[in-house]
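Worksheet: the structure to be examined is printed underneath.
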2 protein chains.
Amino acid sequence: MRADARRNYDHLVATARAVFAEEGPQASLNEVARRAKVGPGTLYRHFPTRQALLVAVFRERIERLCALAEQSGSAPAGEALTGWLRALLVHAQTDGGLAAGMADDPGFDCHARLIGAATGLLDRAGQAGAVRDGVEVEDLFQLVTGIAMTAPKDRGERLLMLALEGVLADGPRRPGPSRA
Amino acid sequence: MRADARRNYDHLVATARAVFAEEGPQASLNEVARRAKVGPGTLYRHFPTRQALLVAVFRERIERLCALAEQSGSAPAGEALTGWLRALLVHAQTDGGLAAGMADDPGFDCHARLIGAATGLLDRAGQAGAVRDGVEVEDLFQLVTGIAMTAPKDRGERLLMLALEGVLADGPRRPGPSRA
DNA sequence: CTCATATACGGAGAGGCTCTCCGGTTGTCT
DNA sequence: AGACAACCGGAGAGCCTCTCCGTATATGAG
């Protein structure tokens, strides 16, 4: 990769981060190019799709989340899982586009990495008996991203807790979500 | 309202219903006008915003949901609530746009009507002790619409049940989502 | 240092979308 | 029938996405 290309690439990512933060994930890519003082062609050559740009922008944060999952080996399994899911929620809320991205394209690199991180935590929690039987990683992701997309920011955490602890109150738990 | 205006209005709603069903809620409004053999001006005069058109399209179904809520007075409170939420989920999945609509504009007519319908069910379930303390109507809506937006259609029901019954398995329930 | 060449850049432009405006048309009421 | 209000259509402004290609530049070889 040529030096000027690298420069443009980095500058575009930084600019896009700012623009997405201001205007949300559906912000105009033209605007990104304009602010980065770069032609549209340059932007689209580096990032053929909006997704590609989104991923580049959030990659760092995603990796931090993965690292967080690995570090939380000391905490009790259940708390480690819920704590991480809360971090994931905050992330998905901040970078609304990522939630959409994860939902849109299941065969995604960043999606796979997050799934991997979550799998470890869920397995551990499962072995500790802290999680209802039959819960899958995808369940957790879809709940978190769904909450991030529709709920106002200040209600996200409340909703996550509700989903984790359950809405219904019918005493002893049934074996699992058997209707699925 | 003049007769030709009424004709155009109805025809636009019918066309829009078909187009939205085919291409999702972000379908081109131009396309709707074109298929309805009507100028763009006509469409935008009748429906100033995309929301307005979406609401017109789904109004019938929304009213059916409200009626359903009122009819289910005979069933046990808990089952009535979960059954209705399932119907709401199916609806939100089918008419993806509605989910977005409900999330986008809180001061909405159709939103208010659904909230009203749900409030009745939730109150009854609350009095019967079938619902965890502190659960609000908005919680339920945001969970359902979130699930509808992000989860694949065939996993929606599974996720709703999971959210209602809870992901965690830590025996006796805590008093409520106190962290909120 | 110079040159050749692959590599990358910029921006014009095609095609589509949203939304507005207004001259012409068509219901409706007397 | 005639007049007036209501309504329609579509041209067009402004924006967006994405492509294409002539031009400029970084870089390795000589």
Side-chain angles (χ1 to χ4, degrees), chain A residues 1-59 95-101 103-105 108, chain B residues 1-58 95-105 108:
Chain A
M1 194 175 202
R2 239 167 64 173
D4 55 346
R6 166 101 256 151
R7 245 198 321 277
N8 271 329
Y9 182 100
D10 291 341
H11 188 206
L12 276 169
V13 171
T15 308
R17 176 171 292 129
V19 172
F20 285 142
E22 282 177 30
E23 309 182 18
Q26 76 293 356
S28 159
L29 298 189
N30 245 10
E31 170 74 12
V32 173
R34 229 176 291 137
R35 278 215 226 172
K37 291 184 168 48
V38 147
T42 300
L43 188 154
Y44 282 96
R45 192 164 351 90
H46 283 301
F47 308 101
T49 68
R50 180 180 294 268
Q51 274 306 320
L53 182 54
L54 248 7
V55 171
V57 165
F58 300 140
R59 172 158 288 162
D95 305 336
L98 184 68
D104 284 343
D105 187 343
F108 223 10
Chain B
M1 194 175 201
R2 241 167 62 173
D4 55 345
R6 165 102 256 150
R7 245 197 323 276
N8 272 328
Y9 182 99
D10 291 341
H11 188 207
L12 275 170
V13 170
T15 308
R17 176 172 292 129
V19 172
F20 285 142
E22 282 177 29
E23 308 182 18
Q26 76 292 356
S28 160
L29 298 190
N30 245 9
E31 170 74 11
V32 172
R34 228 176 292 137
R35 279 214 225 172
K37 291 186 170 43
V38 146
T42 300
L43 188 154
Y44 282 97
R45 191 163 352 91
H46 283 301
F47 308 101
T49 67
R50 180 181 295 268
Q51 274 307 317
L53 182 54
L54 248 7
V55 171
V57 165
F58 299 140
D95 306 335
L98 184 67
M102 294 195 297
D104 283 344
D105 188 342
F108 223 8

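We name chains A, B, ... by the order of the sequence lines, and we start the count at 1 in each one. These figures come from a predicted structure and were not determined experimentally.
- Atom P of nucleotide C:dA8 and atom NE2 of A:His11 are separated by 19 Å, given to the nearest angstrom.
- Rounded to whole angstrom, the span from the CZ atom of B:Arg6 across to the P atom of D:dA6 amounts to 17 Å.
- Contact annotation for B:Arg34: backbone-only contact, meaning every heavy-atom pair under 4.0 Å involves sugar-phosphate atoms and none involves a base.
- If you find the closest nucleotide of DNA chain C to B:Tyr44 and to A:Gly39, the one lying nearer the 5' end belongs to A:Gly39.
- Between A:Leu43 atom CG and D:dT19 atom C1' the separation is 13 Å, expressed in whole Å.
- Residue-level contact check: B:Arg45 touches the bases, meaning some heavy atom is under 4.0 Å from a base atom.
- Separating the CG atom of A:Asn30 from the P atom of C:dC17 is a distance of 17 Å, rounded to the nearest angstrom.
- For B:Arg50 and A:Val38, each mapped to the nucleotide of DNA chain C holding its nearest heavy atom, the one lying further toward the 5' end belongs to A:Val38.
- Of the candidates D:dC18, D:dG10, D:dT17, D:dG10 carries the atom nearest the B:Pro40 side chain, counting heavy atoms from C-beta on.
- Both A:Thr42 and A:Ser28 lie near DNA chain D, and the one whose nearest nucleotide falls closer to the 5' end is A:Ser28.
- Side-chain contact between B:Arg50 and B:Leu53 is absent, with no heavy atoms from C-beta onward closer than 4.5 Å.
- Look at CG on A:Leu12: it is 14 Å from P on C:dA8, rounded to the nearest Å.
- Minimum interatomic distance between A:Phe20 and A:Pro25 (heavy atoms only, all atoms of both residues): CE2-O, 3.7 Å.
- Between A:Asn8 and C:dC9 there is a side-chain N or O to OP1 or OP2 distance below 4.0 Å.
- Between the CD atom in B:Glu22 and the CD atom in B:Glu31 there is a gap of 8.0 Å [rounded to 0.5 Å].
- Here the straight-line distance linking atom NE2 of A:His46 with atom CG of A:Asp10 works out to 9.0 Å at 0.5 Å rounding.
- The line from NZ of B:Lys37 to CG of B:Leu12 is 12.5 Å long, rounded to the nearest 0.5 Å.
- B:Gln51 places its CD atom 14 Å from the P atom of C:dT18, with the value rounded to the nearest Å.
- Going from atom CZ of A:Arg7 over to atom P of C:dA8 covers 13 Å, rounded to whole Å.
- No hydrogens or angles were tested; on distance alone, a donor-acceptor pair under 3.5 Å links the side chain of A:Arg2 to the base of C:dT7.
- In this structure, B:Tyr9 atom OH and D:dA6 atom P are separated by 19 Å, rounded to whole Å.
- Remark: B:His46 is in phosphate contact with D:dC8, judged by side-chain N or O atoms under 4.0 Å from OP1 or OP2.
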